[in-house]
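Note on naming: letters A, B, ... go to the chains in the order of the sequence lines (proteins, then strands), and numbering restarts at 1 for each one. Every heavy atom of this structure was used, including side-chain atoms; hydrogens, water molecules and symmetry mates were not.
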There are 2 protein chains.
Amino acid sequence: MAELLWERGYAATSPRDVMSRAGVGQGSMYHHFTGKHQLAVEALTAVARDMTAAASPLDGDGSPLERMKRYLALPRPGTLGCRVGRMTQDPQAVTDPELRTVVATAFDTMLDRWEHAITDAVAAGELPADTDPGDLARTLAAVIQGGYVLARARGEQQPMDAAVRGALALLDAARTAARGEH
Amino acid sequence: MAELLWERGYAATSPRDVMSRAGVGQGSMYHHFTGKHQLAVEALTAVARDMTAAASPLDGDGSPLERMKRYLALPRPGTLGCRVGRMTQDPQAVTDPELRTVVATAFDTMLDRWEHAITDAVAAGELPADTDPGDLARTLAAVIQGGYVLARARGEQQPMDAAVRGALALLDAARTAARGEH
DNA sequence: GTCTATACGAGGATAGAC
DNA sequence: GTCTATCCTCGTATAGAC
């Protein structure tokens, strides 16, 4: 289910698809799960756990700004899209309260990590003193999510990488601006 | 069809939905259109035309950086999502060559306008001389597209606005950095 | 041009045998 | 626990009458 959720989204994935990919019969599936909904909630929860775990660079070693740049520069399969962010455009998924909660929580966790790193960077003088950590966190998370959109629109990885490079350049410019402050 | 494409996406919209919203019978619809596919292509093409028309501030009056900021700050209904970018996550839409072309072309047009404005801003000394217009164009387009994703994840407008504010702040920082160059 | 009738497969799930 | 049979609705489209 996790795979199909990534490839096709929630609405476009049928229980039959899941069974056939898992190689099990109907009886088995409906014995262990109540239906498509539960299948999706459990799969997406696991995926979200993985995703937030992958954000470790933000809490790792190095100066705060270095950590932010390292996380931004992580390889991302642009044309495949974000396994969590994807749900955001799926009408049935966004409508479903449980699924939406899983997605929202995952993003909240990510944004929290961003905010911490940004706050540290401001304190270290690596970013301008008047930087709003909450705003910048959302900007950088949006660059990544938007990078997926642009990459999928063209069916190429390049737009994702370009978007990230542009963000890295802006962060560098912000650092030189911060240095001129004192 | 354009409305439903926005609200539910391509896969989740059925010809029946379209007929019922338009208040026409089956015969009428299939008399004027070959089917769901053509309906979507024509609707999305019209929407894309509107969208690129709305990007006029990028070519308008004022200094290049001002124009960029003005366009970024345009009001955007975050929780509704982007009518064009949305298609990007729709498995059936991205798979469809014609629909994907419409989406890709719309983004290419937008990115072109961004690149021109950015190039002008660099020439005017409003952005650092080593700015890559292609990269930054994709970064800023990604902020908007990603802003939609974050807003929909929470079902609130606020993340979109925050992401844009953060981008505006980064552009300002880049301008002060550019001023220190000479 | 527009309507109603019809077709057939897929989606989602239940029933009950083994 | 797993399998097959079965159910009903929806999606997508065609046929043919008015």
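- Counting to the nearest Å, the C1' atom of C:dA5 and the OH atom of B:Tyr30 are 15 Å from each other.
- Within the structure, the ring pair (Phe, Tyr, Trp, His ring centres under 6.0 Å) test picks out no pair touching residues 145-173 of chain A (sequence neighbours left out).
- Applying the side chain to side chain donor-acceptor pair (under 3.5 Å) criterion to B:Thr105, with sequence neighbours excluded, gives no partner residue.
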For residues 76-84 of chain A, tabulate all N or O donor-acceptor pairs below 3.5 Å that involve a side-chain atom, not counting sequence neighbours.
unit_1: A:Arg76; atom_1: NH1; unit_2: A:Leu72; atom_2: O; d: 2.8
unit_1: A:Arg76; atom_1: NH1; unit_2: A:Leu74; atom_2: O; d: 3.2
unit_1: A:Arg76; atom_1: NH2; unit_2: A:Tyr71; atom_2: O; d: 2.9

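- Side-chain atoms of B:Leu171 and A:Leu170, non-hydrogen and from C-beta on, do get closer than 4.5 Å to each other.
- Here B:Leu111 sits alone; no ILVMFWY side chain lies under 4.5 Å from its own, so it joins no hydrophobic cluster.
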All N/O contacts under 3.5 Å from nucleotides 7-11 of chain D to the protein, with atom names and distances to one decimal?
unit_1: D:dG11; atom_1: N7; unit_2: B:Arg16; atom_2: NH2; d: 2.4

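- Using five terminal pairs a side, the axes of the helix from C:dG1-D:dC18 to C:dC18-D:dG1 at its two ends make an angle of 10°, given in steps of 10 degrees.
- Atom-to-atom, CZ of A:Phe33 to P of C:dT14 comes out at 15 Å; the value is rounded to the nearest Å.
- Within the structure, side chain to side chain donor-acceptor pair (under 3.5 Å) pairs that include any residue of residues 137-146 of chain A comprise A:Glu115-A:Arg138 (at least two apart or interchain).
- Protein atom CG of A:Leu4 is 12 Å distant from nucleotide atom P of C:dG11, rounded to whole Å.
- Applying the salt bridge (Lys or Arg N to Asp or Glu O under 4.0 Å) test to B:Asp112 and every residue at least two apart in sequence or in another chain returns nothing.
- Here A:Asp17 pairs with A:Arg8 under the salt bridge (Lys or Arg N to Asp or Glu O under 4.0 Å) rule; sequence neighbours left out.
- Judged as a side chain to side chain donor-acceptor pair (under 3.5 Å), the pairs with a partner in residues 39-54 of chain A (not counting sequence neighbours) are, in order, A:Gln38-A:Glu42.
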What N/O pairs connect the protein and nucleotides 2-4 of chain D at under 3.5 Å? Give each pair on its own line.
unit_1: D:dT2; atom_1: OP2; unit_2: A:His32; atom_2: NE2; d: 2.6
unit_1: D:dT2; atom_1: O5'; unit_2: A:Ser28; atom_2: OG; d: 3.4
unit_1: D:dC3; atom_1: OP2; unit_2: A:Gly25; atom_2: N; d: 2.7
unit_1: D:dC3; atom_1: OP2; unit_2: A:Ser28; atom_2: OG; d: 2.6

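- A:Asp172 meets the side chain to side chain donor-acceptor pair (under 3.5 Å) test with A:Lys69, A:Arg175; sequence neighbours excluded.
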